[in-house]
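Basis for what follows: all heavy atoms, side chains included, without hydrogens, waters or symmetry-related copies. Please read all numbers here as calculations on a predicted model, not as lab measurements.
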Amino acid sequence: MPRFEIDDLAVVDADPVLTRQLLENLIGNAIKYTATGVVPRIAVSCEPTGDGFVRVAVDDNGIGIPAGQHEAIFQNFHRAHAAAGYAGTGLGLAICKRIVERHGGTITAAGNDLGGSRMTFTLPILRGGVL
């Protein structure tokens, strides 16, 4: 059973269905790309950027993203771990990028201190929805 740590989150000015899909894709990947025998740990944190947006980070203790692929994973049909036997179409993160960009935000991928991945995206804060 995955373990979650979720900080207080801001209320964003974004389509709720698309925002749900964004989070489902990111959290689903965090669970899916965890080594066999390892309990998935996912941490979701949030901070205002100061320019009307909020930065949300989804950290995991998964297998990480291979070097040189941190930008490519957001392209259609790119599968960073296809040879390792993980199922998928390579569209999930491309969809995430389109959702975030549709709302005027950005999305990036990096490693983290847990040895896994950190997916960071920005969305506009709903007026009065600041942490």
Would you indicate whether the side-chain heavy atoms of [Y] and [X] approach each other to under 4.5 Å?
X: Asn25; Y: Leu23; value: no
X: Val54; Y: Glu47; value: no
X: Ile99; Y: Phe121; value: no
X: Asn29; Y: Leu93; value: yes
X: Ile63; Y: Thr34; value: no
X: Val12; Y: Pro124; value: no

Closest non-hydrogen atom pair, [X] against [Y]:
X: Ser45; Y: Leu9; answer: C-CD2, 4.4 Å
X: Cys46; Y: Asp7; answer: N-OD2, 4.3 Å
X: Val39; Y: Met1; answer: CG1-O, 3.4 Å

Taking His103 for its side chain and Leu18 for its backbone only, find out whether a donor-acceptor pair lies under 3.5 Å.
-> no
Hey, is the main chain of Asp60 close enough, under 3.5 Å, to the side chain of Asn112 for a donor-acceptor pair?
->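 Answer holds: yes.
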State which residue, out of Thr122, Leu123, Thr120, fulfils the side chain to side chain contact (heavy atoms under 4.5 Å, CB included) condition with Thr106.
->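 Among the candidates, only Thr122 passes.
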Starting from the C-alpha separation in whole Å, work towards a yes-or-no answer on side chain to side chain contact (heavy atoms under 4.5 Å, CB included) for Ile42 and Asp59.
-> CA-CA 6 Å; Ile42 297 101; Asp59 285 286; over 6 Å; no
In terms of hydrophobic clusters joined by side-chain contacts under 4.5 Å, are [X] and [Y] together?
X: Phe4; Y: Met119; result: yes
X: Ile6; Y: Val58; result: yes
X: Ile125; Y: Val56; result: yes

Could you walk me through whether Arg102 and Arg98 pass the side chain to side chain contact (heavy atoms under 4.5 Å, CB included) check?
-> CA-CA 6 Å; Arg102 177 179 175 181; Arg98 284 195 291 280; over 6 Å; no
